[in-house]
Amino acid sequence: MSRRRQIYEGKAKILFEGPEPGTVVQYFKDDTSTNSASGEDTNRSGTIIGKGVLNNRISEYLMSRIGDMGVPTHFIRRLNMREQLCREVDIIPLVVVVRNIAAGSFARRLGIVEGTRLPRTIVEFHYKSNELNDPLVTEEHIACFGWSSPSEIDEIISMSLRTNDFLSGLFMGIGIRLVDFKLEFGRFFMNDEIRTLLADEISPDNCRLWDVETNDKMDKDRFRHNLGGEAEAYQEVARRLGITPESGPRDLPGPTLIQ
Ligand code: TMP
C-alpha cells in the first residue's frame, strides 16, 4: 500500500491525498459511533468488524449506479478492499436527509409513530457540525449564512429526489424498504466551471433500511439501539445487492500514515 498524506479523519473514514491532483483516497474504517442527534443520551463508540470493507463495496456499487443514472458523483473507482479513489471536492457544510417513512429524530421531534409512511418525500437540511450535533436548519439559515446559494440548493434538492427515486426502486427490488438516508454534496472545480457532485458515501451507516417482510433493521440503528447483529445485517444488504466481497470482510491492515 502506498504512503499517503492524511487530509482528514472522520468517525468512519479517513481521507488521504490522491495519486493525482484533484483526487482523494477514501479509507473506510470499522469504527462507528452515535451522537445525541441520533437520539442517544450519550455519545457511544464501537467497532463493527468488517464494516469498512462492506461499506466500501456497497458505496462503490450505489454511487456507480447513481452516476450511470445521471446524478454526478465524486466516485472514480474502488482501489482495494477498504479504499476508493474520488474527486476532491469542497464539501458543502450541509447534511441532506431524505425521508420516506417517519423514523429516528423526525419521529421523535414531531411525535409521529415510527414506520408511518409520509404523504410525500421530505428533504431536510442539517448544518454539518459535530460540536452542535448537526442541527436542523431551513433554507433561510442556509442563505443567511451563505452555506449554499438558492440555485445550488435547487440542484441539491433535485439530485436528492432523483437519487431517492432510484434507490427506493433498487432496494425494493431486493426486499428492502428505503426509510430515510443522508447525503452530502461537494463543489468540484473544472476549468472555470463549478459542478455540484454527490460526495461522501451511501451505505447502511447513513441509510435506514428495513426488510420488507419483517421490518427488521438492516442498518446502523442496530448499533444505535444496541440490537446486535450489525455485521450480519450489513453483510445481508451486500448479499442481496449481489456484491458480497468474495474473500469476506476481514482483510488488509490500514494504510501507512505520514504525519
Ligand atoms: P435521523 O433520523 O437521526 O435525523 O437520521 C436520518 C437519516 O440520516 C438516518 O438514515 C441517519 C442519517 N444521518 C446520518 O447518517 N448522519 C447525520 O449526521 C444525520 C443527521 C443523519
Side-chain angles (χ1 to χ4, degrees), residues 11-12 32-46 48 92-145 147-148 150 153-154 156-172 175-185 200-230 233-234 236-237:
K11 286 173 264 182
T32 194
S33 61
T34 62
N35 60 30
S36 43
S38 53
E40 303 295 316
D41 293 335
T42 53
N43 291 356
R44 209 158 44 81
S45 300
I48 301 171
I92 297 167
L94 296 172
V95 171
V96 181
V97 174
V98 182
R99 301 185 187 271
N100 298 309
I101 294 172
S105 71
F106 180 90
R108 279 193 304 276
R109 196 168 55 240
L110 298 179
I112 299 177
V113 175
E114 182 159 280
T116 307
R117 176 162 283 286
L118 301 175
R120 50 171 278 177
T121 297
I122 290 179
V123 178
E124 260 176 18
F125 296 102
H126 297 247
Y127 177 53
K128 200 169 143 60
S129 162
N130 285 337
E131 298 76 51
L132 301 173
N133 288 320
D134 301 333
L136 183 68
V137 293
T138 68
E139 289 182 46
E140 287 289 296
H141 298 92
I142 297 169
C144 176
F145 295 110
W147 295 324
S148 179
I153 286 295
D154 284 349
I156 287 174
I157 292 173
S158 151
M159 288 165 77
S160 301
L161 290 173
R162 286 178 68 195
T163 300
N164 180 51
D165 285 348
F166 179 76
L167 289 183
S168 294
L170 185 147
F171 279 116
M172 191 46 71
I176 294 175
R177 220 181 293 284
L178 180 61
V179 171
D180 59 30
F181 60 100
K182 84 100 187 217
L183 299 174
E184 292 190 25
F185 293 85
D200 194 51
E201 68 173 288
I202 305 181
S203 72
D205 266 6
N206 43 44
C207 299
R208 284 199 173 90
L209 303 170
W210 293 357
D211 182 88
V212 166
E213 299 289 326
T214 62
N215 277 337
D216 277 355
K217 297 181 196 299
M218 305 172 73
D219 55 62
K220 191 174 161 183
D221 269 356
R222 300 205 72 82
F223 177 76
R224 293 189 187 102
H225 303 312
N226 273 314
L227 299 174
E230 295 90 347
Y234 283 45
E236 177 61 11
V237 172

Report task. Could you walk me through whether W147 and H141 pass side chain to side chain contact (heavy atoms under 4.5 Å, CB included), step by step? Result -> CA-CA 8 Å; W147 295 324; H141 298 92; 4.0 Å; yes

Requested in this report: Please lay out, stage by stage, how W210 and D219 fare under the test side chain to side chain contact (heavy atoms under 4.5 Å, CB included).
Outcome: CA-CA 8 Å; W210 293 357; D219 55 62; 4.1 Å; yes

Requested in this report: Check the pair V212, F171 against side chain to side chain contact (heavy atoms under 4.5 Å, CB included), reporting the backbone distance first and the verdict last.
Outcome: CA-CA 10 Å; V212 166; F171 279 116; over 6 Å; no

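Separating the CD1 atom in I48 from the CG atom in D205 is a distance of 6.5 Å, to the nearest 0.5 Å. The distance from the OG atom of S203 to the OH atom of Y234 is 6.0 Å, given to the nearest 0.5 Å. Going from atom CG of N215 over to atom CD of E213 covers 9.5 Å, rounded to the nearest 0.5 Å. The distance from atom CG of L183 to atom CG of N206, rounded to the nearest 0.5 Å, is 8.0 Å.
Contact record, L94 with S148: CD1-CB, 4.2 Å, taken as the closest heavy-atom pair. Closest approach of L118 and I122 over heavy atoms only: CD1-CD1, 4.2 Å. Across all non-hydrogen atoms, the minimal contact from S33 to S45 is CB-OG, 3.9 Å. Nearest heavy atom pair, residue R177 against residue I101, reads CD-CD1, 3.3 Å. The two residues V237 and M218 have their closest heavy-atom pair at CG2-O, 3.6 Å.
Residues S105 and R99 have side chains in contact (heavy-atom distance under 4.5 Å, counting atoms from C-beta outward). You'll find the side chain of I202 reaches within 4.5 Å of the side chain of L167, heavy atoms only. Looking at F106 and V97, their side chains never come closer than 4.5 Å, going by heavy atoms from C-beta outward. The side-chain heavy atoms of I157 and F125, taken from C-beta on, include a pair separated by under 4.5 Å. In this structure, the side chains of L209 and F181 stay at 4.5 Å or more apart for every pair of heavy atoms.
Checked against side-chain contact (heavy atoms from CB on, under 4.5 Å), D165 has no partners two or more places apart in sequence or in another chain. Applying the side-chain contact (heavy atoms from CB on, under 4.5 Å) test to S168 and every residue at least two apart in sequence or in another chain returns N100, N164, L178. Applying the side-chain contact (heavy atoms from CB on, under 4.5 Å) criterion to N130, with sequence neighbours excluded, gives K11.
A salt bridge links D200 with K182; the closest basic N to acidic carboxylate O contact falls under 4.0 Å. A salt bridge links R109 with E124: the closest approach of a Lys/Arg side-chain nitrogen to an acidic carboxylate oxygen falls below 4.0 angstrom. Classification of D180 and R208 as a salt-bridged pair holds, one side-chain N sitting under 4.0 Å from a carboxylate O.
Counting only distance, with no hydrogens or angles, the side chain of T34 and the backbone of R44 share a donor-acceptor pair below 3.5 Å. Of the possible donor and acceptor atoms, one in the side chain of R222 sits under 3.5 Å from a partner among the backbone N and O of G228. The backbone N or O of M159 sits less than 3.5 Å from a side-chain atom of T163, completing a donor-acceptor pair. Checking side-chain atoms of H126 against main-chain N and O of D134 turns up a donor-acceptor pair under 3.5 Å. In this structure a side-chain-to-backbone donor-acceptor pair under 3.5 Å is present from E114 to G104.
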